[in-house]
Chemist: 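A single structure is presented below for examination.
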Protein chains: 2
Amino acid sequence: MDWREFDQNPVSHSAAHHLTAIQQLLEDQGYARVSDVARKLGITRGSVSVSLKGLRQRGLVVEDQHKHLGLSDEGQRIARGIHTKRVLFQAFLEKSLGLPADLAEMDACKIEHLVSDLTAEALAIYIDRREDASDSSSDREQQVNALEDSIREGRVEAFPGKEIETISERLQSSSEEQSKDKDDE
Amino acid sequence: MDWREFDQNPVSHSAAHHLTAIQQLLEDQGYARVSDVARKLGITRGSVSVSLKGLRQRGLVVEDQHKHLGLSDEGQRIARGIHTKRVLFQAFLEKSLGLPADLAEMDACKIEHLVSDLTAEALAIYIDRREDASDSSSDREQQVNALEDSIREGRVEAFPGKEIETISERLQSSSEEQSKDKDDE
DNA sequence: TCCTCTTGTTTGGGTACCCAAACGGGTTGA
DNA sequence: TCAACCCGTTTGGGTACCCAAACAAGAGGA
């Protein structure tokens, strides 16, 4: 598998944030201009101007006669998809893994545009089923406690600690067995 | 929160793969040279030569008198961490979310270097607890079935479909409630 | 010895981002 | 009317990657 698949995504990290920024500005204030996007993303107007030129050529962003920005159908679809992925991952990291909200937000932001649609779909189904099935609050509490124990013991300081690496090795060897079984078929 | 945190990671996607490639080559064949790394990553020797110059300056990669590459302690720690994260995420995507192995591998590869150590730690704990707790095979089967239903219904074609977006909206509004509660305190 | 192969490096070109700075067009208050 | 200001765009510079191509150095085989 080519490890460089990462940069042949539908949209880059930068593009993802430009699109979602426009979408959010439209929701919040009814319009979006280059300056608004620049302010929201914390970069210069010049950078946004250039980036949007590309997105306009790709047909994701449109502009009316008053320099007001909008999203094409495809642009909307992409922006919605990214937003959905962010929400799903943030919720999973926070509620299932027990991570603090700010860290969950940051990690979700980093990966939102990278994961495939099918992965997001599967995560949604997974979260949905867990929520129905059990008293998730006590579940989450247990996870938070386990995590805090781990932090207290200082394992995270030198990642990966011994315990986590044992788990990782076990997972790896079990998946190797599986692929061996597959070869035997 | 600054959305550009993504590029101020300990190592870039490229660097991550250079380091893990060296580590794996050392395991597999006992040595690693520029050409070996280039072959493994599918890029030219020239690119690897330049990239490794930077990693050597950062003290992550070392070189003996015979042009044989190695990892410093810090380099080893980073490579091990990335590898561990890849294994954890791949296992989660495949076994808990029921994704096909190749997709799980691809998505894990994309995010392995981005997630924080604490997130990986939490995921390890999470996986570990689930494995002990329940008959995970039937769990996984259920998840796979649910996912296949979803695919059959063609929801993934136009991501995000209605159902998944409903879940996402619910998650979002519940987390907004939470932060409102926090403000009231 | 000489030819050939492999190896590692350097160089010039390309892409995708970012910034700072300058410029031209509007709007607005004095 | 005109200076002050905000807008969007363009331009030159910087970083981090990639490639292709040219080079020098070493290792062998004929």
Side-chain angles (χ1 to χ4, degrees), chain A residues 1-22 25 29-58 60-70 78 82 109-110 112-114, chain B residues 2-22 25 29-58 60-70 78 82 109-110 113-114:
Chain A
M1 198 201 56
D2 191 349
W3 65 280
R4 276 168 304 164
E5 304 246 3
F6 86 100
D7 54 26
Q8 54 150 83
N9 278 299
V11 294
S12 68
H13 185 88
S14 172
H17 279 271
H18 280 74
L19 294 178
T20 53
I22 292 174
L25 284 165
Q29 59 179 30
Y31 64 93
R33 297 165 306 171
V34 170
S35 305
D36 299 317
V37 175
R39 243 189 310 275
K40 195 165 193 73
L41 296 182
I43 61 182
T44 64
R45 300 194 307 275
S47 299
V48 173
S49 180
V50 173
S51 297
L52 288 186
K53 202 190 312 183
L55 295 177
R56 232 178 297 134
Q57 279 166 0
R58 287 172 57 187
L60 302 180
V61 171
V62 293
E63 208 184 70
D64 69 8
Q65 54 275 52
H66 310 324
K67 297 272 184 191
H68 281 199
L69 303 167
I78 293 177
I82 290 166
C109 165
K110 285 181 184 174
E112 70 194 4
H113 67 294
L114 291 173
Chain B
D2 191 350
W3 65 279
R4 276 169 304 163
E5 304 245 4
F6 87 100
D7 55 25
Q8 54 150 82
N9 278 300
V11 293
S12 68
H13 186 90
S14 171
H17 279 271
H18 280 74
L19 293 178
T20 53
I22 292 174
L25 284 165
Q29 59 179 31
Y31 64 92
R33 297 164 307 170
V34 170
S35 304
D36 300 316
V37 175
R39 244 189 309 276
K40 196 168 193 73
L41 297 183
I43 60 181
T44 64
R45 300 194 306 276
S47 299
V48 172
S49 180
V50 173
S51 297
L52 289 185
K53 203 190 309 184
L55 295 177
R56 235 178 294 134
Q57 279 166 2
R58 288 171 57 187
L60 301 180
V61 171
V62 294
E63 208 184 70
D64 68 10
Q65 55 274 57
H66 310 326
K67 297 273 184 189
H68 280 200
L69 303 167
I78 292 176
I82 290 166
C109 165
K110 285 181 184 173
H113 67 295
L114 291 172

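Just so we're on the same page: letters track the sequence lines, and every chain starts at 1.
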Chemist: Quickly work out the B:D2 CG to C:dC19 P distance and round it to whole Å.
Modeler: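 Roughly 10 Å, once rounded to whole Å.
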Chemist: What does B:S47 touch in the nucleic acid at a heavy-atom separation under 4.0 angstrom: a base, only the sugar-phosphate, or nothing?
Modeler: base
Chemist: What heavy-atom pair brings A:L69 and A:R33 nearest, and what distance separates the two atoms?
Modeler: CD1-C, 3.7 Å
Chemist: Can you tell me if the side-chain N/O atoms of B:S49 get under 4.0 Å from OP1 or OP2 in C:dG8?
Modeler: no
Chemist: OP1 or OP2 of D:dT9 less than 4.0 angstrom from a side-chain nitrogen or oxygen of A:R45, does that happen here?
Modeler: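 The answer is no; no side-chain N or O of A:R45 sits under 4.0 Å from OP1 or OP2.
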Chemist: Between D:dC17 and B:S12, is there an OP1 or OP2 to side-chain N/O distance shorter than 4.0 Å?
Modeler: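 Result: yes.
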Chemist: Do the rings of B:H13 and B:H113 sit parallel, tilted or perpendicular, given the 30° and 60° boundaries?
Modeler: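 Perpendicular, since the angle between the ring planes exceeds 60°.
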Chemist: When you measure from the side chain of A:S51, which nucleotide among C:dG8, D:dT9, C:dC18 comes out closest?
Modeler: C:dC18
Chemist: Side chain of A:V50 only, heavy atoms from C-beta on: which candidate in D:dC18, C:dC18, D:dT10 is closest?
Modeler: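 The answer is D:dT10.
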Chemist: Give the rounded distance in Å between these two atoms: CZ of B:R56 and P of C:dG8.
Modeler: 11 Å
Chemist: If you round to the nearest 0.5 Å, how far is CG of A:L55 from CD1 of A:I22?
Modeler: 7.0 Å
Chemist: So, is A:R39 near the phosphate of D:dC7, with a side-chain N or O under 4.0 Å from OP1 or OP2?
Modeler: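 Checking D:dC7 against A:R39, a side-chain N or O does come within under 4.0 Å of OP1 or OP2.
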Chemist: Between D:dC17 atom P and B:N9 atom CG, what is the distance in whole Å?
Modeler: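 In whole Å, D:dC17 P lies 12 Å from B:N9 CG.
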Chemist: Just N and O in the side chain of A:T44: are any of them under 4.0 Å from OP1 or OP2 of C:dC18?
Modeler: no
Chemist: Can you check the A:L69 CG to D:dG8 P distance for me, whole Å?
Modeler: 8 Å
Chemist: Measure from the side-chain heavy atoms of B:K67 and tell me the nearest of C:dG8, D:dT10, C:dC19.
Modeler: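 Among C:dG8, D:dT10, C:dC19, the one nearest the side chain of B:K67 is C:dG8.
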Chemist: Of all the choices, C:dG8, C:dC18, D:dT10, which nucleotide is nearest to the side chain of B:R33 once you look at every atom?
Modeler: C:dG8
Chemist: How close or far is atom C1' of D:dC6 from atom NE2 of A:H68, stated in whole angstroms?
Modeler: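 Atom NE2 in A:H68 sits about 13 Å away from atom C1' in D:dC6.
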Chemist: Examine C:dT6: is either OP1 or OP2 under 4.0 Å from a nitrogen or oxygen in the side chain of B:S35? Give yes or no.
Modeler: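 For C:dT6, neither OP1 nor OP2 has a side-chain N or O of B:S35 closer than 4.0 Å.
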Chemist: About how many Å separate NE2 of B:H17 and OG of B:S51, when rounded to the nearest 0.5 Å?
Modeler: 12.5 Å
Chemist: Could you give the NE2-to-C1' distance, from A:H66 to D:dG8, as a whole number of Å?
Modeler: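 Spelled out: NE2 on A:H66 to C1' on D:dG8 is 16 Å.
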Chemist: Round to the nearest Å and state the distance from A:Q65 atom CD to C:dG25 atom P.
Modeler: 20 Å
Chemist: What distance separates B:K110 NZ from A:N9 CG, expressed to the nearest 0.5 Å?
Modeler: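 The distance works out to 4.0 Å.
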Chemist: D:dG8, OP1 or OP2 - any side-chain N/O from A:K53 closer than 4.0 Å?
Modeler: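 Checking A:K53 against D:dG8: no side-chain N or O falls below 4.0 Å of OP1 or OP2.
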Chemist: What is the separation between atom NE2 on B:H13 and atom C1' on D:dC17, rounded to the nearest whole Å?
Modeler: 12 Å
